[in-house]
Amino acid sequence: MIHAEVLITSKTKWGEQYCIGGIEIATGRFVRLMTPLGGYQPHNSPFEIGDIWKLKYTYNPDKPPHIEDIRVYGRSFVKKTSKLKAYVTANCKIWKGDYSTLFDGYLRWTINGSGYLGNPKKLPPNSVGFWISDTDLEWDGEKYYIYKKGVFIKKRIPYKGAAPPLNVIPKGTLVRMSSAKWLKSGYVGVEDRCYIQLSGWYL
């Protein structure tokens with residue numbers, strides 16, 4: 001059993017539950033806070049972005065690259081920090097530049113511009129990470145943030161965070177990216193996929 005302080009970095013909608021992401025402060029390790037039974041956190045979860053909690057937990061990694069899951073058995077609130085962005089910038093690897101830098105370059109893209117991981121032999125070390133885009137990300141008013149450059153480059157990234165969407169996430173903003181769990185294709189010759197999503201930003 002591990003006892004450690006965790007900084008909460010994301011709160012992502014998952015039906016009526018929340019997927020809570022964080023960083024183990026002492027090690028910089030990414031974690032995803034699951035219940036003792038391995039489920040997502042309930043809708044009334046007390047965990048909020050910027051919180052630091054002292055947690056009692058065990059590691060419970062899922063199929064790579066989703067290795068961040070921990071089962072939380074106890075919790076004690078420590079404090080709210082205003083230095084979340086500074087901590088991430090100082091302690092975490094950050095993808096910088098265009099969409100090709102995301103997930104260490106392992107992403108594939110569908111014709112309609114959705115990014116996904118598909119080759120189980122070519123995966124990043126984690127299913128989450130941080131990105132500073134080289135262009136604005138524009139909200140389409142429904143579901144996606146749009147990365148667009150010129151006439152030919154247009155990528156769409158679904159937003160799953162709990163906070164209301166911004167109309168524009170300005171270029172140079174630190175954002176958190178994640179990939180959904182593996183989705184079975186159901187078609188012969190088509191690989192299983194885990195699609196990427198945007199889970200939050202830090203202004």
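Note that these values count all heavy atoms, side chains included, but never hydrogens, waters or copies made by symmetry. Because the structure is a prediction, the values reported are computed rather than measured. We number each residue from 1, following the sequence as shown.
- In this structure, Tyr116 has its ring center no closer than 6.0 Å to that of Trp182.
- Looking at heavy atoms from C-beta onward, Pro124 lies in side-chain contact with Leu117 at the 4.5 angstrom threshold.
- Aromatic rings from Phe103 and Trp95 are positioned such that their centres are separated by under 6.0 Å.
- Under the side chain to side chain donor-acceptor pair (under 3.5 Å) criterion, Thr81 pairs with no residue, sequence neighbours left out.
- Contacts of Asn44 classified as side chain to side chain contact (heavy atoms under 4.5 Å, CB included), with partners at least two apart in sequence or in another chain: Pro42.
- Scored by the side chain to side chain donor-acceptor pair (under 3.5 Å) test, Asp140 finds no partners at all (sequence neighbours excluded).
- Under a cut-off of 6.0 angstrom, the local environment of NZ in Lys80 is crowded, with over 12 non-hydrogen atoms contributed by other residues, nucleotides or ligands.
- In the displayed structure, Lys149 atom NZ is contacted under 6.0 Å by more than 12 heavy atoms of other residues, nucleotides or ligands.
- For Glu48, the side chain to side chain donor-acceptor pair (under 3.5 Å) test picks out Lys11, with sequence neighbours left out.
- Within the structure, the ring-ring contact (aromatic ring centres under 6.0 Å, His included) test picks out the following pairs touching residues 72-91 (sequence neighbours left out): Trp53-Phe77.
- For the pair Arg156 and Tyr144, the cation-pi test (distance below 6.0 Å, angle within 45°) is passed.
- Shown here are the side chain to side chain donor-acceptor pair (under 3.5 Å) partners of Ser199, two or more places apart in sequence or in another chain: Arg176.
- The side-chain tip of Arg32 does not point at the ring of Tyr40 from less than 6.0 angstrom away and within 45° of straight on.
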